[in-house]
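Count residues from 1 along the sequence.
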Amino acid sequence: MSFELVLDAILGKRELFHVIDCTICGHEEIYYVEPESKQQIGKACSHCGFVQKFEFDHQKE
């Protein structure tokens, strides 16, 4: 399975937000945002295969 298909399955629709050095392997780690809300949804590195989806708890007090 290609890395892009993995990202589609885990993160869904996304836009590139920011690129840093991967915290695991040192290559490019890309942060993604949801296209409409521009909320960060996850990060991934295609070199080492790391993918993390962000889950935010938006409770109002």
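One distance of note links SG of C48 with CD of E28; it measures 12.0 Å at 0.5 Å rounding.
Checked against side-chain contact (heavy atoms from CB on, under 4.5 Å), E4 has the following partners two or more places apart in sequence or in another chain: S2, L7, R14.
Under a hydrophobic clustering in which Ile, Leu, Val, Met, Phe, Trp and Tyr are joined whenever their side-chain heavy atoms come within less than 4.5 Å, directly or via other members, F17 and F54 fall into the same cluster. Residues I30 and V6 share a hydrophobic cluster, clusters being chains of Ile/Leu/Val/Met/Phe/Trp/Tyr side chains in contact below 4.5 Å.
In this structure the side chain of V51 reaches within 4.5 angstrom of the side chain of F3, judged on heavy atoms. Between K43 and F50, some side-chain heavy-atom pair lies under the 4.5 Å cut-off. Between I41 and K53 there is no side-chain heavy-atom pair separated by less than 4.5 Å.
Other residues, nucleotides and ligands contribute over 12 non-hydrogen atoms within 6.0 Å of the CD atom of E15.
The shortest non-hydrogen separation linking P35 to K13 is CD-O, 3.5 Å. Residue Q52 comes nearest to L11 through the heavy atom pair O-CD2, 4.2 Å, listed as atom of the first residue, atom of the second, then distance.
Using cut-offs of 30° and 60° on the angle between ring planes, the pair H47 and H27 is parallel.
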